[in-house]
Amino acid sequence: MEDQVKAPERYDVSAVENYWRKRWEETQIYRTEALPNKPKYYALEQFPYPSGHLHMGHVRVYTLGDVIARYQRMTGHAVLHPMGWDAFGMPAENAAIKSGIPPKVSTEANIAYMKQQMQQMGLSFDWSREVTTCSADYYRFTQQLFLLFYERNLAYQRAGAVNWCPSCETVLANEQVEDGLCWRCDSVVSKRDLTQWYLRITDYADRLLEGLQNIHWPEEIKAQQTYWIGRSEGAAVEFELMGYDERVRVFTTRPDTLYGATYVVLAPEHPLVEKLIQGSREEAEVRAFVERERRVSDIERTSETTEKRGIFTGAFARHPLTEEPIPVWVANYVLADYGTGAVMGVPAHDQRDYLYAVKYQLPIRRVVESSNGEPTELPYTASGVLVDSGPFSGMPSEEAKGAIAEHLKSIGLGEKRISYRMRDWLISRQRYWGAPIPIIHCPNCGPVPVPVDQLPVLLPDNVTFTGKGASPLAGAKDWVETTCPRCHGPGRRETDTMDTFIDSSWYYLRYTSAGDDKEPFDRRLADYWMPVDEYVGGKEHAVLHMLYSRFFTKVLHDAGWLSVDEPFQSLLVQGMVVYGGSKMSKSKGNTLSPETILAEWGADATRLFMLFAAPPEKDFEWSQQGVEGTYRFLQRVFRLVTRPRTSGTDEAALETLKRIEARTIKKVGEDLGVRRAFNTAVSALMEYTNALYQHLSAVPAHEQATLLETLVLLLAPMAPHLTEELWHQLSHETSVHLANWPTYDPAWLEESQVEIVVQVNGKVRGRLIVGADWSEEAIREAALAEDSVVSYLEGRTIKKVVVVPSRLVNLVVAG
RNA sequence: GCCGAAGUGGCGGAAUAGGCAGACGCGCGCGACUCAAAAUCGCGUGAGGCAAACCCUCGUGCCGGUUCAAGUCCGGCCUUCGGCACCA
C-alpha cells in the first residue's frame, strides 16, 4: 500500500480510505476499556432510528461527534464513543402492514446497511458496545426500569381524555402533539377516553427546572424546556356553591385581583357541571353546549382566535371575601387539564375575561390602578395598587398577592399554590413494535407487575399486522392469557407497548455496561463514564428526548442507581443540512444521498466540508463547489507531505514557520476542545498549509518533518483517512489516531517585534514596528514621530494619547 | 401576542475580553505552465473617488446614545428564522 502511493500527483481517495478502514477494524483501535486508568471523556451523538439509509443530517451529526471524540482521544482521555439503534417504532410496523415483512427482519436489514454506511464515514465508534433497543436483551431492562418506576409510585394507570392519532392508531403524549397534529404523521389529533399508563414526570417539575441552571446547554433549548414545564406561582381559591355542599376550586396567578372576580367559569369537561345542572331549568341547554364543545378539536379549542363561547349554568357561587353571589358559567376557553379546570372571571384585569364579560354582559369591576395614579384603560393587566378591595385597598399588587392568599388560608378558602403546564407522560401505545408493558391484569389482584426474574416479557411472533383497532398484541391469544404472578389464577397481559421515547431515555447508560446480562447498567461503570461530556444532536428533541432523559436520570439517581442526576453536561445542537435553499425533502426533490456523495468525494473531503462551511449550530448549505474546495485542500496537503523537496538553512523562514506552527496548535486545540468552532479550526489549518508551501523548502529537512507531522496530527480528527496514510508515509508504525496531540513552546507565541497601528481620532493613519517590551512612553514617542502621522498633527493640539500595548496608539487631537 | 436565535462583500463565513472589519474558502478576473485544455502554481478581488497611488470618503439591517475607539456595549425600531400559543 505505502509503496503504491509513493508520490503521485493526486492520491487515490477510495483506495486509501478503504485500506485504512479495514485496518482500523482489524486492529480495533477505537475499542474502549471498561474502567481505564485515565481521565474519561464521553462523547455521544443521538442514535438513529434505522430507517434504511443515513441522510445528510446524520452525516453531519456523526462527523461533529467524531471530531470531538478523536480530539479528546489524542489529548490523553479514555474516550467512550458508542453507537446504537433506536430500533422500536412505527415505520417498521407500518411497513409490515404493507409488505408482510416482520418488523424484526426489516429492522435488522436496515441496521446492517446503515452500519456499513457509518463505517464508510470513518467514524471512530467502539462497536463492541453497540446497543439495539428492539433486542430482547435491551428491552428486558427497559421493562425492568418500568417496574422500578412502578415500585416508586412513578408509573400509574388512569382513565381520562387522551390524545389519539387516528392515522397511527395510537395515543400520544402531550409532547408528541405539535400544533394539534401528530408529531410523526401530521394527522389531526383527536380526544379519546381511555385508561392508560403514565409516568409521573410532574413530580420532577421543579427538579427539572432547577437542573437546567448547572448544565451547559444552549439558551434556546433551556428556554424551551422552561416554557414547557411552565411553572407559575399563584393561589388556589375556593368558591362555595350556593345551595350545594360543594366548592369550586380555581387557580389564579393574580389573587390580588380577587375582589374583581364577578363570575366563575368551568371547563366543559369539569365534573361539577353535571351536578350543577341536574334537574335545573338550564339542564338541556347546558348539556347540548358541553356536548358540542367537547367535539371541537384541540387545535380549534385552544386557538386564541376562536371565539369565546359559554353558557350560564343557573348556579351561583359565594365570593370568598365579599360573600356576594356570583354566577357560575361553562365556557370553551377554560382548559380541563390545566390548574383546576376552573377559573375566576376578572374582566377588569384579564384580556380573555374582559372579552367574555363584554360579550355576555357580565359586570366589570376595577380593583387595580396604576401605581403612579395615571388613568389606565381596561382591561388593565399590569400590576399596580389595589382599590375597592376591602382591607387590602391601597396595597401594591405584589404585596397583595401574598396577603390575600394568606387571608384565604386563615379562613379556609384557599392558599398559595404553584401550577405547571407540563402533564404526566402518557406512555401506553396501542402498537406492536415496542417494549411490552410488564403488567398482568388479574381479576382478583388488579394490575400486577411481572417479577423482574421473569423478564423479558417477549414480543410474540404470531401476530397479524392489520393496522386497525387495538394493539396487535391483543390478538395473540396464547400470549395474552397467562397466570397472575400473585394469586396464580388466570390473568391477562397488558397489550399496550411503551412509548419508544422510553427506550431512548436510558440508552446512554447502557453503553457504559453493554453486554451486561444481570442489570441495565453497572453502577461503577456508569459512575465512571457519566455524565455525557458532549451530546450532539438536533433541536427537534428539545422537549421530547432531552426532557425525558433528564427525568429518567433523576429518578435513577433518587433510586440510588446512579450518582449523577443530569445526563448531558454539555449539549451541541447542530443545524439542519439544506440544499438548494431549503431543507431537503423528497417532495421538493432536493435530496442528496450520502451514498453518492461519499463515493464521489470520499469521507474525508465530505467531513471536512461539513465542518468548514458553517459553525455546527447553524444551518449548513450543501454546495458542490464548496466540497470541491475541501477536496482540493486535502490533495494539496497530500502533495505537500509526499512530494520530494529541497531543503535550506533560512533562519528567518524557520522562525516564521515555528511561530505559525505554535499559533496553529494553540488555535486548533481551542477550537476543537473548547469552542467547538470547527470551521475556524479548518481555516487555521489552511493558513498553516499555505505558510508551509511558501517556506518549507528553505528550512532543514529534519525541521520539515516535524512541521509536517504537526499538520498531519492537527488534521487527524477531521480527516482521519488521509492523515493516517500520511502519518505512515512519514515513517510511523502506529496509528495517528492513537498519537499524542502536538504541544508547542509558548516562547514562539511571543513576538519580539510587533506592528501597531497609529490612529488619529480613531482613524488609522500609520503603522509602526515596535519592540514587544517597549514602555508606553516609548511607543507614544515613536507614534508622534511617525512620518505618516505628522501631517495630521500640524496646527492641532494633542489632547490625549491612548496606548494599547501591542495593538495601537490613538492620538486624540483638536483644532 | 410571548420566548429564543440571527441580520457583516457576489456567496459560505471570520473578527474568542470594546482596539486595523472582511481571516479562510467558494466564485470571479489576470498571469505562469501547456500546441491546447484540465490540473497545478502566482497575483488581484467591499463600494465609491482620483490620471495614479502605499491617497481620500463611505461601509457590519435602521435611528439614536456611551466611549479616545462600537460588528461587539446601552436605548428604540425593522426584517428573517425557530419554539410556544386562550395555561387563568
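In what follows, every chain begins at residue 1, and chains take the letters A, B, ... in the order their sequences are listed.
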Is Asn810(A) close enough to G19(B) that one of its side-chain N or O atoms is under 4.0 Å from OP1 or OP2 there? no

Which whole number of Å gives the distance between the C1' atom of C55(B) and that of G61(B)? 31 Å

Does C56(B) have its OP1 or OP2 closer than 4.0 Å to a side-chain nitrogen or oxygen of Tyr792(A)? yes

If I pick the P atom on G7(B) and the same atom on G13(B), what distance separates them, to the nearest angstrom? 10 Å

Would the distance check show the side chain of Arg365(A) and the main-chain N or O of Thr262(A) forming a donor-acceptor pair, the cut-off being under 3.5 Å? no

Considering every strand and a 4.0 Å limit on heavy-atom distances, what is the contact class for Pro218(A): base, sugar-phosphate, or nothing? nothing

Nearest-Å distance once atom C1' is located in both A36(B) and C20(B): 45 Å

Exactly one candidate in Leu64(A), Val61(A), Val577(A) meets side-chain contact (heavy atoms from CB on, under 4.5 Å) with Met610(A); the answer is Val577(A)

Do the side chain of Arg807(A) and the base of C20(B) come within less than 3.5 angstrom through a donor-acceptor pair of N or O atoms? no

Nearest-angstrom distance, P atom, A23(B) to G10(B): 14 Å

Quick one: is A88(B) close enough that its OP1 or OP2 comes under 4.0 Å of any side-chain N or O from Ser232(A)? yes

Roughly, in whole Å, what's the span from CD in Gln624(A) to P in G27(B)? 11 Å

May I ask you to say what Val343(A) touches in the nucleic acid, namely base, sugar-phosphate or nothing, with a heavy-atom cut-off under 4.0 Å? base

What's Val334(A) touching, base or sugar-phosphate or nothing? Going by heavy atoms closer than 4.0 Å. base

Select base, sugar-phosphate, or nothing to describe what Asn690(A) touches, counting heavy atoms under 4.0 Å on all strands. sugar-phosphate

Is there a side-chain polar atom (N or O) of Tyr333(A) under 4.0 Å from OP1 or OP2 of A88(B)? no

Return the value, rounded to whole Å, for the distance between atom CG of Leu768(A) and atom P of G19(B). 20 Å

Looking at every strand, decide which applies to Arg676(A) at a 4.0 Å heavy-atom threshold: base, sugar-phosphate, or nothing. nothing

To the nearest Å, give me how far apart OH (Tyr693(A)) and P (G42(B)) are. 8 Å

Between G42(B) atom P and Gln694(A) atom CD, what is the distance in whole Å? 8 Å

RNA chain B stem ranges, 3 or more consecutive Watson-Crick or G-U pairs under 3.5 angstrom: B:1-7 with B:78-84, B:10-12 with B:24-26, B:27-32 with B:40-45, B:46-49 with B:55-58, B:61-65 with B:73-77

Please state the P separation for the pair U57(B) and U8(B) - nearest whole angstrom. 26 Å

Pick one: which of Val668(A), Leu608(A), Asp671(A), Leu611(A) meets side-chain contact (heavy atoms from CB on, under 4.5 Å) with Phe678(A)? Leu611(A)

Asn810(A) side chain vs Gly762(A) backbone, donor-acceptor pair below 3.5 Å: yes

Does the U57(B) base have a donor-acceptor partner in the side chain of Lys763(A) within less than 3.5 Å? no

Check: Trp329(A) ring centroid to Phe289(A) ring centroid under 6.0 Å: no

Looking at every strand, decide which applies to Gln625(A) at a 4.0 Å heavy-atom threshold: base, sugar-phosphate, or nothing. sugar-phosphate

May I ask you to establish whether Lys308(A) and Tyr333(A) are in a cation-pi arrangement, using a distance under 6.0 Å from NZ or CZ to the six-membered ring centre and at most 45° from the ring axis? yes

Same-atom distance (C1') from A6(B) to G71(B), integer angstrom: 13 Å

Give Lys799(A) one of three labels, base, sugar-phosphate or nothing, depending on what nucleic acid heavy atoms sit under 4.0 Å from its own. nothing

Is the backbone N or O of Gly673(A) less than 3.5 Å from a side-chain atom of Arg676(A), with the two atoms forming a donor-acceptor pair by type? yes

Spacing of Leu634(A) atom CG relative to C26(B) atom P, expressed in whole Å: 12 Å

Under 4.0 Å between any heavy atoms, over every strand shown, what does Gln759(A) touch: base, sugar-phosphate, or nothing? Just pick one. base

Between Ile221(A) and Arg675(A), just flag the one whose closest nucleotide in RNA chain B comes earlier from the 5' side. Ile221(A)

Step through it carefully: locate the ring centre of Phe609(A), locate the ring centre of Phe620(A), and say whether they are under 6.0 Å apart. yes

Can you tell me if Lys308(A) touches the phosphate of C86(B), counting only side-chain N or O atoms and a distance under 4.0 Å to OP1 or OP2? no

Can the ring centres of Tyr263(A) and Tyr360(A) be said to be less than 6.0 Å apart? no

If only side-chain N and O atoms of Arg632(A) are considered, is one of them under 4.0 Å from the OP1 or OP2 phosphate oxygen of C26(B)? yes

Whole-Å distance, Arg423(A) CZ to C84(B) C1', equals 13 Å

To the nearest Å, how far apart are Leu811(A) CG and G19(B) C1'? 14 Å

Using whole Å, report how far CE of Met718(A) lies from P of C24(B). 17 Å

By nearest heavy atom, map Asp671(A) and Glu621(A) onto RNA chain B; which one lands nearer the 5' end? Glu621(A)

C1'-based separation of G19(B) from G25(B) [nearest Å]: 27 Å

Taking 4.0 Å as the cut-off, does a side-chain nitrogen or oxygen of Arg421(A) come that near to OP1 or OP2 on A85(B)? no

Side-chain donor/acceptor of Asn679(A) to backbone N/O of Ala613(A), under 3.5 Å: no

Nearest-Å distance once atom P is located in both G12(B) and A17(B): 24 Å

When all nucleic acid strands are considered with a 4.0 Å heavy-atom cut-off, which category describes Lys667(A): base, sugar-phosphate, or nothing? base

